[in-house]
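Here the structure is laid out as structure tokens; the discussion comes afterwards.
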Amino acid sequence: MELPKNYDAKVSEPKWLEFWEKEKVYAFNPESKAEIYSIDTPPPTVSGKMHLGHSFSYAQQDFVARFQRMLGKNVFYPFGVDDNGLATERMIEKMKNVKGQFMQRQEFVKLCYTTVEEIRNDFVYDWKRIGTSADFNIFYSTINNHSQKISQRSFLELYKMGRIYRKFAPSMACPNCATAIAQVELKDLERMSTLYYIKAQVDGNESTVFATTRPELMMACIAISVHPDDKRFNHLIGKTATIPVSNEKVPIIADDMTKMDFGTGAVYWCPYGDMNDIEFVAKHPDLKVKHIMNRDGRLNEKAGKYKGMNSEEARKAVVNDWEKAEAVVKEEQIGQVVNTHERCGTVIEFVAMDQWFIKYLDLKDDFIKYGRKIKWYPEHMRARYENWIHGLKWDWNISRQRHFGIPIPVWYCKKCNAIIVAEEKQLPVDPLVDKPLKKCKCGSNEFIGEKDVLDTWATSSLTPDIAIELFKNKTLQEKLHPMGLRPQAHDIITFWLFNTVVKSYFHHKNIPWKNVMISGWALDPKGKKMSKSKGNVIDPREMIGKYSADSLRFWAAGSRLGDDLPFQEKDLVTGNKFTTKIWNASKFAFMHLSDYKGERPSKINMMDRWILSKLSKVMKESTENFMNYEYSHTKLATETFFWHTFCDNYLEIIKDRLYNADKRGSDARVSAQFGLYNTLLTIIKLMAPIMPFITEELYQLYFRNHENVKSVHISKWPEVNMEDEHAERIGDFVVKVVEFVRKQKSEKQLSLKAPVKKLTIKAKIEEIDFDEVESDIKAATSAEQIIFEPTRGKHPEKDIEIEAEF
RNA sequence: GGGCCCAUGGUCUAGUGGCUAGGACACAACCUUCACAGGGUUGGGGCAGGAGUUCAAUUCUUCUUGGGCCCACCA
């Protein structure tokens, strides 16, 4: 059998994608009795194209999926897309050049739906292209009716449990997005800021100086505080200060939250400038908050002349006014860390609004317990989960003042203002369109629908349910829960992972999955995070075009699980080289196997026993590593074994037996064929999860006819159990001799085929064993004559002494 | 301020309480008609620093230095 000279990934890879889809190679079988391995696949957000980081971590989870499938398990590997929420809105606003806020919700949502439909196929193709072996027929979108129903049902259940409440409370708001956001969506920003020292008159002809970085909140000022132990200010406590310009009179009170060593030691409180204000207000309920800011970050009529300004504008105006009033004593530049919205980078504001919350701060211990029931790979990632829980300060704000999201299924009675919650049988509902099924208790039939939508994470935290409930069979649903694996990257442990545990805790009283596998990030060549703004983003499509999906995966298999990996284009060359090498080795093998019928020889030659024994060990090791999600070890072990043990040594050693059956005997040839067939097939299978395309190509070209399974990816994971310590010792000795001769030839600048006149070997090997391998050594070294002397019983300095005469 | 991870040739990495610390890329020399020039062979070059545990430390402990990530602080 003759193979084409070269393998062309550009042609082959799309060919196999089609084949897999047509043959339903990755289909989950709901009827099967086989053990299920289920994966809670991360739904990528359609707001961005697949980037290198995606291909990196999706490749890593796919290694595991493919391995488990080859173990014979019924792999439940759904695929979803996240097209719900802010990120999607933003993309659509940009694509269609519209502003959602200025449109009717229905109109905008319709536009979102159609746009998302338009781009979906192209978007998903990128995931298929890298060889993701998900069952793409088990598909969901986080905004479709199915997901809406489940997400709203979750809301209803939590509401019934008393876990959801609505409250007018200070919340974090993104002025740019004009919505409330949650603690998890915050990102730190370090910046320089000005600390203003402001002089305020105090009754009784005194004065004091307070320091602030937030002059713009002047109109909200409710008090000035000093530390109770601060002797500098003792005499002022209880008196009234007048804020310059606003002429507002505020009490000077003692509060130990005040830092004596910051600014002047006196601070003016203007809820809500930050989290401390919230605490301060709670401690002093007698002080009345003024709420001068709206959620779009603009000041309202309570801010008087500053109405309509945002923080930055108001700051300038207030400072200007203070300067005119000669109230500014000093300005100081200080470093400051502020919270920004991680999606858009806007500095957030604290605004009191009506919001919906999930009450869960009382359950921190339980969440930590749940985290410990899950097996983490790598284990240390659990620390991040626990660290996050320890630092949680807010209940989960799940309402967003946006358009494109899953509506909160609630109405308010026009007459009595009661909250009316939707009924499960009417889900999904849009309260702006639909009506409650029953009248209000007060008899009224007029309602105002809740305008807010749910936080994206309130839905994506339900992905296990969304995927599982695509199947209506209850027994199957139970079998699928908890899932086997949650694969994801480490940046969303606090978002997706934690929130999913929370939802599962409430709805199932169980962990959502047994294992989590946390992958790292693909970094730029210098080890920096890739980001659009830095311009260091690498497009995986370009790399696949230039190299191949297999090479990209080969690269992704090179890092330890959880580790970030800087991307160097040259690393893709390695994958290509491996592909070429295995192509050529297989070409050689298939040529010599064309007449092989799969027979097991009665007597297996020493060197064939040697390779099969080595193979058995690699196989065992690889299986264990894969079980522990250590795919990089499997890849490395297989790669080394293939390249060096198999190609460099074994193939060279058996060549003579394969080519010259007339001299060496047909038994010797069949034995070599047996070794060759089984070793190559096993290598291809071990490599199949990592490089699904080239392995499929080689499998189809030759092995399929002999193995009778339609794809290597559903073939059985190899079980070679031919360990033979004796053969390994003798084989290793042969390799040492061959390597020695190679080195000699290289040093003498001779061709590797150059004949050796006389080869003298002294070794701790029995003559009976040497006789078995002599012909193989002769052939592999081109030795004309070999003198062998066993050193048994003697105690030579070296185990082996070799001399070659040319 | 708290937590976590990491430090191995020029670059990216594997790994181990004890063999000559493994590989890839880059570099150098050599080798081609019989699987492979999209190749092969051979070679040069490395465990951040200090202290400790140990018969033995690149590996374990601790400190220092340097890098990365998460969280808190935010007047």
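All values below come from the heavy atoms of this structure, side chains included, with hydrogens, waters and symmetry mates left out. A note on names: the letters A, B, ... follow the listed sequences, proteins ahead of strands, and every chain is numbered from 1.
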When all nucleic acid strands are considered with a 4.0 Å heavy-atom cut-off, which category describes Y7(A): base, sugar-phosphate, or nothing?
-> base

Quick one: label D277(A) by what it contacts on the DNA or RNA (base, sugar-phosphate, nothing), any heavy atom closer than 4.0 Å.
-> nothing

Take atom CD1 of I389(A) and atom C1' of G2(B), then tell me their distance rounded to the nearest Å.
-> 16 Å

Taking the six-membered ring of F554(A), is NZ or CZ of K635(A) closer than 6.0 Å to its centre and within 45° of its axis?
-> yes

For the rings on F642(A) and F578(A), is their centre-to-centre separation under 6.0 Å?
-> yes

Give one of base, sugar-phosphate or nothing for T258(A), where a contact means two heavy atoms less than 4.0 Å apart.
-> base

Rounding to a whole Å, what distance do you find between R191(A):CZ and C73(B):P?
-> 16 Å

Could you work out the separation of A48(B) and A57(B) based on their C1' atoms and round it to a whole Å?
-> 16 Å

Provide the distance between the two C1' atoms, one in C5(B) and one in A24(B), to the nearest whole Å.
-> 24 Å

Nearest-Å distance for atom pair CG/C1', residues L651(A) and G40(B) | 13 Å

Span that lies between the P atom of A26(B) and that of G39(B), in whole angstrom = 9 Å

Aromatic ring centroids of Y677(A) and F703(A) under 6.0 Å?
-> yes

C1' gap between C71(B) and G52(B), integer Å = 33 Å

Between F56(A) and W555(A), does the ring centre distance come in under 6.0 Å?
-> yes

The nucleotide from A24(B), C71(B), A72(B) with an atom nearest the side chain of Q183(A) is A72(B)

Starting from P on G15(B), measure out to CG on L561(A) and report it in whole angstrom.
-> 12 Å

Enclosure of Q333(A) CD (heavy-atom neighbours >12, cutoff 6.0 Å) | yes

Considering residues at least two apart in sequence or located in another chain, which fulfil the ring-ring contact (aromatic ring centres under 6.0 Å, His included) criterion with F63(A)?
-> Y631(A)

Minimum-distance nucleotide to W388(A) side chain [options: U11(B), A75(B), C71(B)] | C71(B)

Within the structure shown, what part of the strands sits under 4.0 Å from E379(A) by heavy-atom distance: base, sugar-phosphate, or nothing?
-> nothing

Kindly state which residues belonging to residues 211-222 of chain A come within less than 4.0 angstrom of RNA chain B, counting heavy atoms of the residue only, listed by number.
-> A211(A), T212(A), T213(A), R214(A)

Decide if atom NZ of K199(A) counts as having more than 12 heavy atoms of other residues, nucleotides or ligands within a radius under 6.0 Å.
-> no

Using distance alone, with no hydrogens and no angle criterion, decide if T194(A) and E331(A) have a side-chain donor and acceptor under 3.5 Å apart.
-> no

Whole angstrom is fine here: how far is it from CG in N387(A) over to C1' in C71(B)?
-> 5 Å

Option passing side-chain contact (heavy atoms from CB on, under 4.5 Å) with H490(A) (candidates I518(A), L497(A), D563(A)) = I518(A)

Are there more than 12 heavy atoms of other residues, nucleotides or ligands under 6.0 Å from atom NZ of K620(A)?
-> no

Under the ring-ring contact (aromatic ring centres under 6.0 Å, His included) rule, what do Y629(A) and Y377(A) come out as? Steps first, then yes or no, please.
-> CA-CA 7 Å; Y629(A) 304 89; Y377(A) 299 91; 4.5 Å; yes

Base, sugar-phosphate alone, or nothing: which one does K187(A) contact when heavy atoms must sit under 4.0 Å apart?
-> sugar-phosphate

With a 6.0 Å cut-off on ring centres, are F498(A) and Y360(A) close enough?
-> yes

Between I582(A) (CD1) and C36(B) (P), how many Å, whole number?
-> 17 Å

Sticking with atom C1', work out how far C6(B) lies from U32(B), rounded to a whole angstrom.
-> 45 Å

Should we say atom CD of E312(A) is surrounded by more than 12 heavy atoms from elsewhere, each under 6.0 Å from it?
-> no

Atom-pair distance (CG on L523(A); C1' on G68(B)), nearest Å | 9 Å

So does N660(A) reach the base of C34(B) with its side chain, donor to acceptor, closer than 3.5 Å?
-> no

Looking only at C71(B), A72(B), C12(B), the nucleotide nearest the K393(A) side chain is A72(B)

Between U8(B) and G15(B), how far is it from one C1' atom to the other, in whole Å?
-> 10 Å

What nucleic acid atoms does C647(A) come within less than 4.0 Å of, heavy atoms only: base, sugar-phosphate, or nothing?
-> base

Residues forming a salt bridge (charged side-chain N to carboxylate O under 4.0 Å, His left out) with R657(A), sequence neighbours excluded = D608(A), D776(A)

In Watson-Crick or G-U wobble terms, both distances under 3.5 Å, what is the partner of A75(B)?
-> none

Please check if atom NZ in K663(A) has more than 12 non-hydrogen atoms from other residues, nucleotides or ligands closer than 6.0 Å.
-> no

Produce the list of close N/O pairs, under 3.5 Å, pairing protein atoms with atoms of nucleotides 16-22 of chain B; give distances to one decimal.
none

Assess whether one donor atom and one acceptor atom, taken from the side chain of N576(A) and the base of G38(B), lie less than 3.5 Å apart.
-> no

Q749(A) side chain: which of A29(B), A75(B), C36(B) is closest?
-> A29(B)

5′-ward residue of the pair T579(A)/L186(A) relative to RNA chain B | T579(A)

For nucleotides 41-46 of chain B, read 5' to 3', which letter fits each nucleotide if B means a protein heavy atom sits under 4.0 Å from the base, S means only the sugar-phosphate is that close, and - means neither?
-> BSS---

Pairwise C1' distance, A7(B) and C47(B) [rounded to whole Å] | 10 Å

U13(B) C1' sits how many Å from H633(A) NE2, rounded?
-> 11 Å

Could you label the plane-to-plane angle of the Y272(A) and H291(A) rings as parallel, tilted or perpendicular, counting under 30° as parallel and over 60° as perpendicular?
-> tilted

Toward the 5' end of RNA chain B, which comes first, K748(A) or G335(A), by nearest nucleotide?
-> K748(A)

Select one nucleotide: of U32(B), U13(B), G39(B), the one nearest the side-chain heavy atoms of S751(A).
-> U32(B)

Give a yes/no answer on whether the side chain of K581(A) brings an N or O atom under 4.0 Å of OP1 or OP2 in G40(B).
-> yes

Could you work out which one of A75(B), U13(B), C36(B) sits closest to the side chain of N584(A)?
-> C36(B)

Criterion side chain to side chain contact (heavy atoms under 4.5 Å, CB included) on E190(A) and V338(A), from CA distance to verdict = CA-CA 6 Å; E190(A) 262 184 78; V338(A) 291; over 6 Å; no

Within the sub-3.5 Å range, which N or O atoms of nucleotides 4-6 of chain B have a protein N or O partner, and how far apart are they?
none

